[in-house]
Amino acid sequence: MKIATYNVNGITARLPSLLRYLEEKSPDVVGLQELKIVDEKFPALPIIGAGYNVIFHGQKSWNGVAILAKKEHELSEVGRGLPGDPEDVQSRFIEGRVNDIRVGCLYLPNGNPMPGPKFDYKMTWMDRLLTKAEELVKLDEPVVLLGDYNVIPENIDAYRPDRYVFDAVFSLEAKEAYQELLQQGWTDSIRQLFPEEKIFTYWDYFRNSFARDAGIRMDHLLLNPVLSKRLQTGGVDRDVRGWEKPSDHAPTWITVND
DNA sequence: ATGACTTACCCGGTAAGA
């Protein structure tokens, strides 16, 4: 079972790439972020045509998350929106089930500029995520919490960590909250598989970043103990970042035993 | 702590991303 996360940076602009990605890389499950589209306009038909079922939680212009699963799998929605703040209107979390596996798909707030209200929102959101994650990690069922975390966990996860010292994605507060997640019992699957390697999942559109491999690792697949026992392999589909009209993120994936 | 690029909005200039 191949499980992936892919920040598409606008599903309308990315639809051709997304369909090509599904065809060529054939993930069983993929969580999408940054749909930037309302539910009424979500392109469900071409995705179903590509052989996938889909649940989605959209929003006008910004945010938006979805979970796709191949039709041969059972996909159902468990819930949408992160608990803890009824006033929060941003579509950044959807929870589903694919066969026996619980899948949480998240788009964590970027938080820039720092300090400021956006950074405060990020840290509040991470607090809420910690509460939710604490329930999920203990379940007897396999759980994956995947998505764009907007957190560079460690120095090894940035081509030049010094470039990010003023950035919310590399702030002490965000890194500490991410470590708190791991302390709950979550496994950062890609880091577990490749403990020493520089692995990037995002290259910005500026300064020819991808060609220079000036990237950072912010897209993560966290596994609870039940699922981490089943972890086989993983990687980043870097070639997708080199396709025409790419997202600034590349799909990141793992495989687990059935 | 700016600029570059890209996307979405409503139709050229702003907001946001990270």
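So that the names make sense, note that chain A is the first sequence line, chain B the second, and so on, each numbered from 1.
Rounded to whole Å, the C1' atom of B:dG12 lies 16 Å from the corresponding atom of B:dT6. When the P atom is used for both B:dT14 and B:dA1, the distance is 22 Å, rounded to whole Å. Comparing the C1' positions of B:dT2 and B:dA8 gives an interatomic distance of 23 Å, to the nearest angstrom. As rounded to the nearest Å, B:dA16 and B:dC10 have P atoms that lie 15 Å from one another. B:dC11 sits 15 Å from B:dA15 when the P atoms are compared, rounded to a whole Å. If you take atom P in B:dA18 and the same atom in B:dT7, they sit 14 Å apart, rounded to whole Å.
Contacts classified as salt bridge (Lys or Arg N to Asp or Glu O under 4.0 Å) and involving residues 166-186 of chain A (residues at least two apart or in different chains) are not found. The salt bridge (Lys or Arg N to Asp or Glu O under 4.0 Å) analysis of residues 94-118 of chain A, with sequence neighbours excluded, yields the pairs A:Glu95-A:Arg102, A:Glu95-A:Lys132, A:Arg97-A:Glu141, A:Asp100-A:Arg230, A:Arg102-A:Glu141. Residue pairs meeting the ring pair (Phe, Tyr, Trp, His ring centres under 6.0 Å) criterion with at least one partner in residues 66-116 of chain A, sequence neighbours excluded, do not occur; the list is empty. Within the structure, salt bridge (Lys or Arg N to Asp or Glu O under 4.0 Å) pairs that include any residue of residues 244-258 of chain A do not occur (at least two apart or interchain).
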Contact state string [nucleotides 8-18 of chain B, B base, S sugar-phosphate only, - no protein heavy atom under 4.0 Å]: SSS-----SBB
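For the pair A:Leu32 CG and B:dT7 C1', the interatomic distance rounds to 16 Å; values are reported in whole Å.
Defined by atom type and a distance below 3.5 Å, a donor-acceptor pair is present between the side-chain atoms of A:Asn9 and A:Tyr205.
With sequence neighbours left out, A:Glu40 forms a side-chain contact (heavy atoms from CB on, under 4.5 Å) with A:Val38.
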